[in-house]
> 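Dropping a structure here in structure tokens format, bear with me for questions.
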Amino acid sequence: MPHLPTWRLRAAFARRLSDMYGTEVPAYTTLLEVAGRINDEVARRDPDAGRLGSIDRVTAERHGAIRVGTPAELRQAAQVFAALGMHPVGFYDLRDGDIGAVPVVSTAFRPTDPVELDRNPFRVFTSLLTTGDRRFFDPELEARLTTFLARRQLFPPELLLLAERAERDAGLDESDAERLLTLAVGAFTLAAEPVDRAWYAELERISAVAADIGGVTSTHINHLTPRVLDIDALYRRMGERGITMIDRIQGPPRWAGPDVLLRQTSFRALDEARTFREPDGRLTRGALRVRFGEVEARGIALTRAGRARYDALTAETDRRAAGRPAADRERTARALWERDFPRTEHQLAVEGLAFFAHRPVTDRPRDGRRPPADLAGLLTDGWLTAEPLVYEDFLPRSAAGIFHSNLTGDGTRDPLRDGTPFDAHRLAEALDRPVLDPFTLYAEQQDRALRGALTTLGADAALRVLDAPAVN
Ligand code: OOG
Ligand code: NI
């Protein structure tokens, strides 16, 4: 029987999940329509539209978000994603942001190889409830949560076995693939199981996210996010269709310079009908509103130095725009960016602020001249071109902002208590798999391309630029 390789499983999963989510959240279908139309318009008017990914990749591109309750559940989710060629990248701690702290730590499962990313870049932001964090949960509530979570099974054993096999064999035959996909989509579908009203409400007082994770017996996809080439146009057009978006687009401002990192915005999903079990045992109909719609525009991946520049600009924007309306903030941000951020990709490359794949230019007469031995010279004199690498990850501040703007209440957090220390290392232990560092992945990709390009140019001296700190 034909073998379906990992990437086909991933692409099929992303498509089926999208179809399923469209039946659950109708506004998502509207969002896909509007995003698709805008992408076509941009592709027609802008010859550079494919610079950060082919239009086919961008049209199929989604990220999802899921939330789990225990390290064991996280390991099982990781097994399912490993079957699809998605690995944990990055560590995000959303517990003590100044806006909208939520009791979770997160990672993103995604492909890491550039070829795999081109085939299908599906990624899932995955959050783990930090039940041991005393700012949110006292020991007694933690114990009850642990008991509740230990009794549920998010992923059927048959799915986990198939996923192990798919990971080991880098794919499955057609009938096993069909079974894996059906079970995997099923695991992320909103379950009909009644929600225990009192238990849910008790957790909701602490955090709506805690209730969404620990108040029910299954998990579900929280949102699925398409990628759009002009997010400002999308924001306006969704408003015209009567869908109320949050008050702004998170991330860098719209400006005349290069698109970097990630810009995201979202809207709250409507009430969703759920069955509740009341304290007296009766079943009643009610509604919950925990899921939302989100859309994003992706830009160039920044190096650590570039990211530090971005973080500094964001902090300065916050300082100046504190207490002002969203439109003022956007103007303030734009003015600061125009003052402090490189206005061209070339400048980003020369200053080592963003990641690029360098390609050799071999079709120019050189009159026997040798390539210079520094990256800036190689770029400025036209020996190399630099293709930007797309940012494949998330921004903790935008994530916290998006979580927050879609919650019902602020919940309660006791700031006087200490949080449990949690870092990438501890998350890797919980996962029993390494958590990869996004900066290292981009740097390796850049490095490989640059070595190849310099070898083609015969730029022996220039190979030494690889050791210069500005490169990554
Ligand atoms: C995850 C929120 C983070 C993003 O795009 O930054 C996120 C969640 O709501 O579970 O998806
Ligand atoms: Ni998201």
Side-chain angles (χ1 to χ4, degrees), residues 14 17-18 21 24-25 27-28 31-32 35 61-69 73-74 77 81 86 88-97 99-110 121-130 154 188 190 203-204 207-216 218-228 231 234-235 245-246 248-252 261-269 272 288-299 310 314 390-409 411 427 438:
L17 203 61
S18 182
Y21 195 61
E24 290 188 333
V25 177
Y28 170 73
L31 182 63
L32 288 189
E61 187 159 343
R62 304 276 185 278
H63 87 246
I66 62 157
R67 305 157 172 186
V68 298
E73 291 176 355
L74 183 65
F81 293 132
M86 298 155 70
V89 180
F91 173 75
Y92 304 85
D93 191 341
L94 304 181
R95 295 173 303 159
D96 44 23
I99 38 162
V102 278
V104 297
V105 291
S106 315
T107 188
F109 290 92
R110 67 165 177 88
F122 188 52
R123 47 179 95 73
V124 176
F125 192 90
T126 302
S127 300
L128 170 67
L129 187 66
T130 50
L154 300 185
F188 296 113
L190 199 65
L203 292 172
E204 206 174 20
S207 149
V209 174
D212 183 44
I213 301 173
V216 291
S218 59
T219 188
H220 41 255
I221 190 90
N222 176 273
H223 60 270
L224 261 190
T225 300
R227 183 170 158 194
V228 72
I231 196 169
L234 182 127
Y235 187 91
M245 309 296 283
I246 62 171
R248 67 188 193 89
I249 297 170
Q250 318 254 345
L261 297 174
L262 179 63
R263 300 180 71 213
Q264 298 179 307
T265 191
S266 65
F267 58 87
R268 282 191 71 185
E272 292 183 287
L288 289 178
R289 223 176 164 197
V290 284
R291 307 206 287 178
F292 50 86
E294 186 191 44
V295 63
E296 66 192 12
R298 290 191 171 263
Y310 170 77
T314 307
V390 185
Y391 188 58
E392 305 286 354
D393 294 285
F394 293 85
L395 292 173
R397 231 184 105 92
S398 305
I402 299 246
F403 258 117
H404 185 64
S405 49
N406 286 289
L407 298 181
T408 17
L427 191 70

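When reading the values below, keep in mind they use all heavy atoms of this one structure, side chains included, and skip hydrogens, waters and symmetry mates. In each ligand, atom 1 is the first atom listed, and ligand 1 is the first ligand listed. Along the sequence shown, residues carry numbers from 1.
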> Do me a favour and list the nearest non-hydrogen protein atom to atom 11 (O) of ligand 1 with residue, atom name and distance?
His223 NE2, 2.9 Å

> Only heavy atoms of Gln264, strictly under 4.0 Å: list the atoms of ligand 1 that pass.
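So the answer, numbered in order with elements, is 4 (C), 5 (O), 6 (O).
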
> Between Glu294 and Leu31, is any pair of side-chain heavy atoms under 4.5 Å apart?
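Sidechains of Leu31 and Glu294: no contact.
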
> Does some non-hydrogen atom of Glu296 fall short of 4.0 Å from ligand 1?
no

> Side chain to side chain contact (heavy atoms under 4.5 Å, CB included) for Glu24 and Arg291? Distances and angles first, verdict last.
CA-CA 10 Å; Glu24 290 188 333; Arg291 307 206 287 178; 2.8 Å; yes

> Report the part of Tyr92 in contact with ligand 1, treating N, CA, C, O as backbone and CB onward as side chain, heavy atoms under 4.0 Å; options are side chain, backbone, both, neither.
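Looking at Tyr92 and ligand 1, no heavy atom falls under 4.0 Å.
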
> Could you check whether Arg227 makes a cation-pi contact with Phe122, meaning its NZ or CZ is under 6.0 Å from the centre of the six-membered ring and within 45° of the ring axis?
no

> Provide, to 0.1 Å, the distance between atom 9 (O) of ligand 1 and the closest protein heavy atom, together with that atom's residue and name.
Arg67 NH2, 2.8 Å

> Which of the numbered atoms in ligand 1 are below 4.0 angstrom from a heavy atom of Glu294?
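So the atoms of ligand 1 that pass are 4 (C), 5 (O).
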
> Is it true that the side chains of Ser18 and Tyr28 contain a donor and an acceptor less than 3.5 Å apart?
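Note: Ser18 and Tyr28 side chains meet the donor-acceptor criterion.
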
> Mark up the atoms of ligand 1 that fall under 4.0 Å of a heavy atom belonging to Phe125, in ascending order.
1 (C), 3 (C)

> Which of the atoms of ligand 1 are close to Phe292, meaning less than 4.0 Å from one of its heavy atoms?
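Per the distance check, 9 (O).
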
> Have a look at Glu294 and say which of its N, O or S atoms is nearest the Ni ion (ligand 2).
OE1

> As a test of understanding, state which of Thr219, Asn222, Leu129 forms a side-chain contact (heavy atoms from CB on, under 4.5 Å) with Asp212.
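Among Thr219, Asn222, Leu129, the one that satisfies the side-chain contact (heavy atoms from CB on, under 4.5 Å) with Asp212 is Asn222.
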
> Side-chain contact, heavy-atom cut-off 4.5 Å: Gln250 with Leu395?
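No, side chains not in contact.
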
> Please report the closest heavy-atom contact between Tyr92 and Ala108, naming both atoms and the distance.
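Nearest pair, atom of Tyr92 first, then Ala108: CE1-N, 4.4 Å.
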
> Report the name of the N/O/S atom of His63 located nearest to the Ni ion (ligand 2).
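For His63, the N, O or S atom at the smallest distance from the Ni ion (ligand 2) is NE2.
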
> Provide the number and element of each atom of ligand 1 under 4.0 Å from a heavy atom of Ala65.
1 (C), 8 (C), 10 (O), 11 (O)

> If you count the atoms of ligand 1 from 1 in the order shown, which ones are under 4.0 Å from a heavy atom of Phe394?
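In order of numbering, the contacting atoms are 4 (C), 5 (O), 6 (O).
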
> Going by heavy atoms in the side chains, are Glu73 and Leu128 under 4.5 Å from each other?
no

> Which of the numbered atoms in ligand 1 are below 4.0 angstrom from a heavy atom of Asn222?
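Near Asn222, the atoms of ligand 1 are 9 (O).
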
> I'd like to check Leu74 versus Leu427 (side-chain heavy atoms, cut-off strictly below 4.5 Å). Are they in contact?
yes

> Give the residue and atom name of whichever protein heavy atom lies nearest to atom 8 (C) of ligand 1, and the separation in Å to one decimal.
Phe403 CZ, 3.2 Å

